[in-house]
2 protein chains.
Amino acid sequence: MDKDRPNESWDIAQVPDLDRIDVGILRLLQNNARLSVKEIAAEIGLAPSTTHERVRRMRETGILWGTHVEVNPKALGIGLEALLMIELSKHNRGIVDQFLDDIVSVPEVRSAFLVSGRYDLVVHVVVHDTQHLKDLALDQFTIRPGVTRIETSIIFDARRRYELPVFRSLR
Amino acid sequence: MDKDRPNESWDIAQVPDLDRIDVGILRLLQNNARLSVKEIAAEIGLAPSTTHERVRRMRETGILWGTHVEVNPKALGIGLEALLMIELSKHNRGIVDQFLDDIVSVPEVRSAFLVSGRYDLVVHVVVHDTQHLKDLALDQFTIRPGVTRIETSIIFDARRRYELPVFRSLR
DNA sequence: GCTGAAATTAAGACATA
DNA sequence: TATGTCTTAATTTCAGC
């Protein structure tokens, strides 16, 4: 769903073929991007060079995008996370796109979703404490033109999965 | 915010010291976990072995967690993402924790947040199409005991940042 | 805590089947 | 498309500053 990525939108007929081995490789790498080709090969029962070629191909065709390390938020002084549920007054395309682009440059913003339903935007932010959250909401969101209402939901607990499921037929 | 990680919750006095160089390394690795130590060293102007030692230390102390590759959702047949806003009837701790643990084992769930405010849970799901989304909502969420209401927000567009900001003093 | 060099291991290219 | 070999490049360790 992010912008500016290679091969983000394939024609449905152009989506590269994948088989069960490819999916196995993807599963391993989504959970640990630092696995060596040798380790992956041993896990899935293929020769390292073959495994290497498959990984290379998936990178080239845009199935595999970037890799990211996870950093412990507490180590950076992040003590609180929240979801900001935002209602906009105007749904003009240009305004909404600009809004998305603007807020993603705010350091506290981790992700921003343009959605259907009661709200128009859901924004995941990370902050130091409640004071910081209040200042952020007021200075960066309430103040923006087009914003009619913000509801702040503090995140008490979270769970994440790093492995995407497969909803297509495999070769 | 995730469970079962090393050093997830440091005492505020025990948070490891970081300096600007460490933060620079973290910034680079959050955007590209495949950077070689040599490349990082060149970028920040340090010797590779020193850089390596800093990375090793941050891994050991739990500042750096895992690494993950990003996979193009379209390559796996994922055509639609949504946020499910869920209201629960009972706020008994055990029930809520169990609920979180249960839904994170549903393949379509990417992340689940326990939050304050109008809803109790916000769940990010990935599906093939709208039919799939309907089935998922009914079969996996509406059906669960304790769920009183679900609002489905389809995600039209999204932006993400992979770099966490720093809200603490540095050595 | 930083450096530079040495040893170990991995990545990436290629010829072959 | 899979494999084994080979070359290049990286990681990781360590003695010295």
Side-chain angles (χ1 to χ4, degrees), chain A residues 6-7 10 13-72 75-76 166 168-171, chain B residues 6-7 10 13-72 75-76 166 168-171:
Chain A
N7 289 301
W10 290 296
Q14 293 174 326
V15 171
D17 261 356
L18 290 180
D19 62 18
R20 280 157 196 82
I21 296 174
D22 291 321
V23 169
I25 294 172
L26 293 178
R27 184 177 53 75
L28 292 169
L29 284 175
Q30 284 178 97
N31 289 308
N32 181 5
R34 281 174 50 81
L35 284 176
S36 70
V37 171
K38 195 179 168 187
E39 288 170 307
I40 299 169
E43 193 76 38
I44 62 172
L46 230 60
S49 51
T50 309
T51 307
H52 180 265
E53 170 56 20
R54 282 174 177 265
V55 173
R56 190 203 59 73
R57 192 189 115 261
M58 290 196 286
R59 268 202 269 269
E60 194 180 38
T61 55
I63 293 170
L64 278 172
W65 284 337
T67 67
H68 311 276
V69 298
E70 267 184 284
V71 173
N72 187 330
L76 302 179
V166 180
R168 55 169 289 196
S169 57
L170 299 174
R171 186 159 37 90
Chain B
N7 289 303
W10 289 297
Q14 293 174 325
V15 171
D17 261 357
L18 291 180
D19 61 18
R20 282 159 193 80
I21 296 174
D22 291 321
V23 169
I25 295 172
L26 292 179
R27 185 177 51 75
L28 292 169
L29 284 176
Q30 284 178 97
N31 289 309
N32 182 4
R34 281 173 51 80
L35 283 176
S36 70
V37 172
K38 195 178 170 187
E39 289 170 308
I40 299 169
E43 193 75 37
I44 62 174
L46 231 60
S49 52
T50 309
T51 307
H52 181 263
E53 169 57 21
R54 281 174 177 265
V55 172
R56 192 204 58 75
R57 191 189 116 262
M58 291 195 285
R59 269 202 267 271
E60 194 179 41
T61 57
I63 294 169
L64 277 172
W65 284 337
T67 68
H68 311 277
V69 297
E70 265 185 284
V71 173
N72 187 330
L76 302 180
V166 180
R168 54 168 288 194
S169 56
L170 300 175
R171 184 158 39 90

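Every chain is numbered from 1 and lettered A, B, ... according to where its sequence line falls, protein lines coming before strand lines. Quick caveat: nothing in here was measured; it's all calculated off a predicted structure.
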Counting primed atoms, P, OP1 and OP2 as sugar-phosphate and everything else as base, the B/S/- map of nucleotides 7-12 of chain D against protein heavy atoms under 4.0 Å is ---SSB

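A heavy-atom distance below 4.5 Å is not found between the side chains of T50(B) and I21(B). The shortest distance between side-chain heavy atoms of I25(B) and I40(B) falls below 4.5 Å. Counting heavy atoms from C-beta on, the side chains of L18(B) and M58(B) come closer than 4.5 Å.
Partners of S49(B) under the side-chain contact (heavy atoms from CB on, under 4.5 Å) rule, at least two apart in sequence or in another chain, are A47(B). For H68(A), the side chain to side chain donor-acceptor pair (under 3.5 Å) criterion is met by E70(B), not counting sequence neighbours. Residues passing the side-chain contact (heavy atoms from CB on, under 4.5 Å) test with V37(B) are P48(B), T51(B), H52(B), sequence neighbours excluded. With sequence neighbours excluded, the residues satisfying side-chain contact (heavy atoms from CB on, under 4.5 Å) with V23(A) are V166(A), L170(A). Under the salt bridge (charged side-chain N to carboxylate O under 4.0 Å, His left out) criterion, E39(A) pairs with no residue at all, not counting sequence neighbours. Residues passing the salt bridge (charged side-chain N to carboxylate O under 4.0 Å, His left out) test with E60(A) are R56(A), sequence neighbours excluded. With sequence neighbours left out, N31(B) forms a side chain to side chain donor-acceptor pair (under 3.5 Å) with E163(B).
Summarising the geometry, atom CG belonging to L28(A) is positioned 5.5 Å from atom CD belonging to E43(A); distances are rounded to the nearest 0.5 Å.
A 4.0 Å heavy-atom criterion places the boundary nucleotides of DNA chain C facing chain A at dA10(C) to dA13(C), written 5' to 3'.
For the salt bridge (charged side-chain N to carboxylate O under 4.0 Å, His left out) condition, the pairs that include at least one residue of residues 17-30 of chain A, sequence neighbours left out, are D17(A)-R171(A), D19(A)-R54(A), D22(A)-R54(A), D22(A)-R57(A).
In the region residues 16-31 of chain A, proximity to DNA chain C at under 4.0 angstrom, judged on heavy atoms, holds for none of the residues.
Among the atoms of the strands shown, none is found under 4.0 Å from any heavy atom of R57(B).
Taking five base pairs at each end of the helix from dG1(C)-dC17(D) to dA17(C)-dT1(D), the local helix axes there meet at an angle of 20°, rounded to 10°.
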